[in-house]
Amino acid sequence: MSSIVLETRRLGFQWETADPFLFCVHHDDAYPAGNEAMGPAVSLEGRNIGQDFEGKDGWRMYHGSSVPGFPQHPHRGFETVTIVRRGYIDHSDSLGATARFGRGDVQWLTAGGGIVHSEMFPLLDPKQPNPVELFQIWLNLPSTDKLVDPHFVMLWNEEIPVVTATDDAGRTVTITVVAGELEGKRAPSPPPHSWAARAEADVAIWCVRMDAGARFTFPPAKGPETTRTLYFFGGTSLRADGQTLPARTAAAVRADVPLSIEAGDEPCELLVLQGRPIGEPVANHGPFVMNTRAELEQAYTDYRRTRFGGWPWKSDGPVHPREEGRFAKHPDGRIERANE
């Protein structure tokens, strides 16, 4: 193992992460054409509806019964960063906010003191397959911000900067800068109480695509405490500091020195997560992430008592009309739309 590559491990369904991140999931589902309800236009017989994670026929219903996705569920004490590479998500929450986003959009949600939301995957095309691919990353909040008011921002695809680099052989690397800065391009601002909103936190989220054989060098992070992990999920092989990584490998690397990477004989894709650790105790159970067991128990008590504002929608997993575009309606009534 090289002096820069510190540790490697195989990727499972949930990807292990380092502080300040909690975990990451890569959803990649080859959904069929959609029916009138925007669910799969095929039989659901044989699926464990409500708990369908098996990947039968290359896709999952997750907790959905007619439309795949995640009907209403609570969160407290951390953030979700949802990067939709293909397909769409219909969001609804206990604050009365709602959205449809996809095609490269990112929703960054600070759960803070508590929110209930649903994330459904509407299958909009009734004639063609509806692939859905996304990352959901859980980013922790420090104790001082665990109970801030919930808040989300939309990072529309058209606003997210992309670094395009060409190596000496003319091969291309493109890097989508979801968080942080790279080669002078800075990502849109995260929510105001995010750990990523602090300059000293050195948080970066980069989505990397590489031509076969392409080379790129990441610059050092800002400080010696920063952690950096590569999640190599697409392609057959990748070299990091000269060390060959097999397909579906996570590699923790030193962040205080430049890191050279080189794609193998096929195009490669990887996700890079970087940040200075929060360095506080983590007590988590299900949808809540706090610092102590007592705080976890209080979170469950508060949720049972308040339902974090209640659920203002007619169903547990609302979806928008098929013809609706990419938009977000915030709790204050403000509506924003993507530049389609």
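The analysis underlying the following values was restricted to heavy atoms, covering all of them including side chains, and did not include hydrogens, waters or symmetry mates.
Within the structure, every pair that satisfies the salt bridge (Lys or Arg N to Asp or Glu O under 4.0 Å) test and touches residues 135-154, not counting sequence neighbours, is listed here: D145-R198.
A distance of 10.5 Å separates CG in L11 from OG1 in T8, rounded to the nearest 0.5 Å. Between the CG atom of N157 and the CE atom of M154 there is a distance of 10.5 Å, given to the nearest 0.5 Å. A distance of 8.0 Å separates CZ of F152 from CD1 of I115, quoted to the nearest 0.5 Å.
At a threshold of 4.5 Å between non-hydrogen side-chain atoms, the residues F218 and I175 count as touching. Side chains of T244 and L238 form no contact here, defined as non-hydrogen atoms less than 4.5 Å apart. Side-chain contact between P190 and V153: absent, with no pair of heavy atoms (C-beta onward) separated by less than 4.5 Å. Within the 4.5 Å cutoff, side-chain heavy atoms of H330 are placed close to those of E336.
Remark: D265 CG is loosely packed, at most 12 non-hydrogen atoms of other residues, nucleotides or ligands lying under 6.0 Å away. Atom CZ of R85 sits in a crowded spot, with more than 12 heavy atoms from other residues, nucleotides or ligands closer than 6.0 Å.
Side-chain N/O atoms of Y88 and D105 include no donor and acceptor closer than 3.5 Å. Side-chain contact of W313 with Q72: a donor-acceptor pair under 3.5 Å is absent, judged by distance alone. Side-chain contact, N291 with S143: no donor N or O sits under 3.5 Å from an acceptor N or O. For the residue pair H193/H151, the side-chain donor-acceptor check at 3.5 Å is not satisfied. Between the side chains of Q107 and T82, no donor-acceptor pair is found at a separation under 3.5 Å.
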Please test F232 against E269 for side-chain contact (heavy atoms from CB on, under 4.5 Å), starting from the C-alpha separation and ending with a verdict.
CA-CA 6 Å; F232 172 40; E269 290 192 274; over 6 Å; no
Salt bridge (Lys or Arg N to Asp or Glu O under 4.0 Å), that's the test. Do D52 and R47 meet it? Break it down for me.
CA-CA 6 Å; D52 178 22; R47 293 181 178 272; 2.9 Å; yes
Step by step, would you call D28 with H26 a side chain to side chain donor-acceptor pair (under 3.5 Å)?
CA-CA 6 Å; D28 191 2; H26 180 212; 4.5 Å; no
Test log, rule side-chain contact (heavy atoms from CB on, under 4.5 Å), inputs H320 and T98
CA-CA 9 Å; H320 303 302; T98 187; 2.7 Å; yes
Please determine whether side-chain contact (heavy atoms from CB on, under 4.5 Å) holds for the pair L22 and V289, giving the CA-CA distance in whole Å, both sets of side-chain angles, and the decisive distance to 0.1 Å.
CA-CA 9 Å; L22 297 163; V289 181; 3.9 Å; yes
Could you walk me through whether R228 and R254 satisfy the side-chain contact (heavy atoms from CB on, under 4.5 Å) test, starting with their C-alpha distance in whole Å, then the side-chain angles of each, then the deciding distance to 0.1 Å, before giving a yes or no?
CA-CA 7 Å; R228 178 181 285 174; R254 286 181 56 185; over 6 Å; no
May I have the step-by-step check of ring pair (Phe, Tyr, Trp, His ring centres under 6.0 Å) for H27 and Y62, ending in yes or no?
CA-CA 10 Å; H27 297 283; Y62 298 105; 4.9 Å; yes
Verify side chain to side chain donor-acceptor pair (under 3.5 Å) between E79 and W138, making sure each step is shown before the conclusion.
CA-CA 6 Å; E79 299 185 286; W138 286 22; over 6 Å; no
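Every residue was checked against the side chain to side chain donor-acceptor pair (under 3.5 Å) condition with E54, not counting sequence neighbours, and none meets it. For Y300, the ring pair (Phe, Tyr, Trp, His ring centres under 6.0 Å) partners two or more places apart in sequence, or in a different chain, are H285, F288.
Remark: R76 is not positioned above the aromatic ring of F78, lacking an NZ or CZ atom under 6.0 angstrom from the ring centre and at most 45 degrees off the axis.
Residues V203 and F21 approach most closely at CG1-CZ, 4.1 Å, considering heavy atoms.
For the pair D167 (side chain) and A169 (backbone), a donor-acceptor distance under 3.5 Å is present. A donor-acceptor pair is defined here as one N or O able to donate and one able to accept, closer than 3.5 Å; no such pair exists between the side chain of T306 and the backbone of Y303. Distance alone, capped at 3.5 Å, is enough to place a donor-acceptor pair between the N35 side chain and the P40 backbone.
Here the options are R337, K329, R100, the test is salt bridge (charged side-chain N to carboxylate O under 4.0 Å, His left out), and the partner is E324; only R337 passes. For the pairing with V116, the side chain to side chain contact (heavy atoms under 4.5 Å, CB included) check across P287, S94, P150 returns one residue only, S94. No option in V132, N130, V42 other than V42 meets the side chain to side chain contact (heavy atoms under 4.5 Å, CB included) test with W59.
Below 30°, between 30° and 60°, or above 60°: for Y231 and W15 the angle between ring planes is below 30°, a parallel geometry.
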